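See below for the structure under consideration.
Predicted model only: the values in this text are computed from it and were never measured. One is the number of the first residue; the rest follow in order along the sequence.
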Amino acid sequence: MEESNIRLYSEMEHFEIININDGDKHGYLVNNDLVIDENGEFKVLILNESKSKFSIFGGTTFSEIPWDYVKKIGSRTIIIDVDDSLVKKTSI
């Protein structure tokens, strides 16, 4: 494996997530979550869509983005390309 292809989560946690489909910014990876399967492969990017820091008052909404929609991991960004109608949303 070539060393230039290796990324550490500790480096990526401060990458900003941007959807090029609509230009929305979804914060940084550290404020969101990943689902990783038993083989260590990324399956789903879970975006915390809460706009308020005080989620006690407003509830929390999560968007589940299949990893197939992650198009590029750049030097400071994670680029996704997904239409909002294809995203599974969960509220708690």
Task: Side-chain donor or acceptor of N32 paired with backbone N/O of N48 under 3.5 Å - done: yes

Open item on the list: Consider side-chain contact (heavy atoms from CB on, under 4.5 Å). Of D33, V87, T90, V35, which one does E64 pass it with?
Closed with: T90

Open item on the list: Starting from M12, can I reach V30 by hopping between I/L/V/M/F/W/Y residues whose side chains sit under 4.5 Å apart?
Closed with: no

- [ ] Output, in order, the C-alpha distance, side-chain angles, deciding distance and verdict of side-chain hydrogen bond (donor to acceptor under 3.5 Å, both in side chains) for S63 and E49.
- [x] CA-CA 7 Å; S63 296; E49 301 292 351; 3.2 Å; yes

Open item on the list: Can you confirm whether Y28 is buried at OH, in the sense that more than 12 heavy atoms of other residues, nucleotides or ligands lie under 6.0 Å from that atom?
Closed with: no

Open item on the list: Would you say I73 ends up clustered with V82 if hydrophobic residues are merged whenever their side chains have heavy atoms under 4.5 Å apart, either directly or through other cluster members?
Closed with: yes

TODO: Report yes or no: does N19 contribute a side-chain atom to a donor-acceptor pair with the main-chain N or O of N21 at less than 3.5 Å?
DONE: yes

Task: Evaluation steps, side chain to side chain contact (heavy atoms under 4.5 Å, CB included), between E16 and K25 - done: CA-CA 7 Å; E16 188 169 24; K25 294 181 178 184; 3.2 Å; yes

- [ ] Identify which one of I65, L47, I18 satisfies the side-chain contact (heavy atoms from CB on, under 4.5 Å) criterion when paired with H26.
- [x] L47

- [ ] Could you state whether F42 and L86 fall into the same hydrophobic cluster, counting links through intermediate Ile, Leu, Val, Met, Phe, Trp or Tyr residues with side-chain heavy atoms under 4.5 angstrom apart?
- [x] yes

Task: Pairwise distance OG1(T77) to CG(L29) - rounded to 0.5 angstrom - done: 11.5 Å

Open item on the list: Please say yes or no: joined through hydrophobic side-chain contacts below 4.5 Å, possibly via intermediate residues, are F15 and I80 part of one cluster?
Closed with: yes

Task: Pair D37 + K43: basic N to acidic O under 4.0 Å - done: yes

Open item on the list: Taking NZ in K72 as the centre, count heavy atoms belonging to other residues, nucleotides or ligands within less than 6.0 Å. Is the count above 12?
Closed with: no

Open item on the list: Same cluster or not: L34 versus F62, using hydrophobic residues (I, L, V, M, F, W, Y) connected whenever any side-chain heavy atoms lie under 4.5 Å apart?
Closed with: no

Open item on the list: Around atom NZ of K71, are there more than 12 heavy atoms from other residues, nucleotides or ligands closer than 6.0 Å?
Closed with: yes

TODO: First locate atom CD1 of I78, then atom CD1 of I17, and finally report the distance between them rounded to the nearest 0.5 Å.
DONE: 5.0 Å

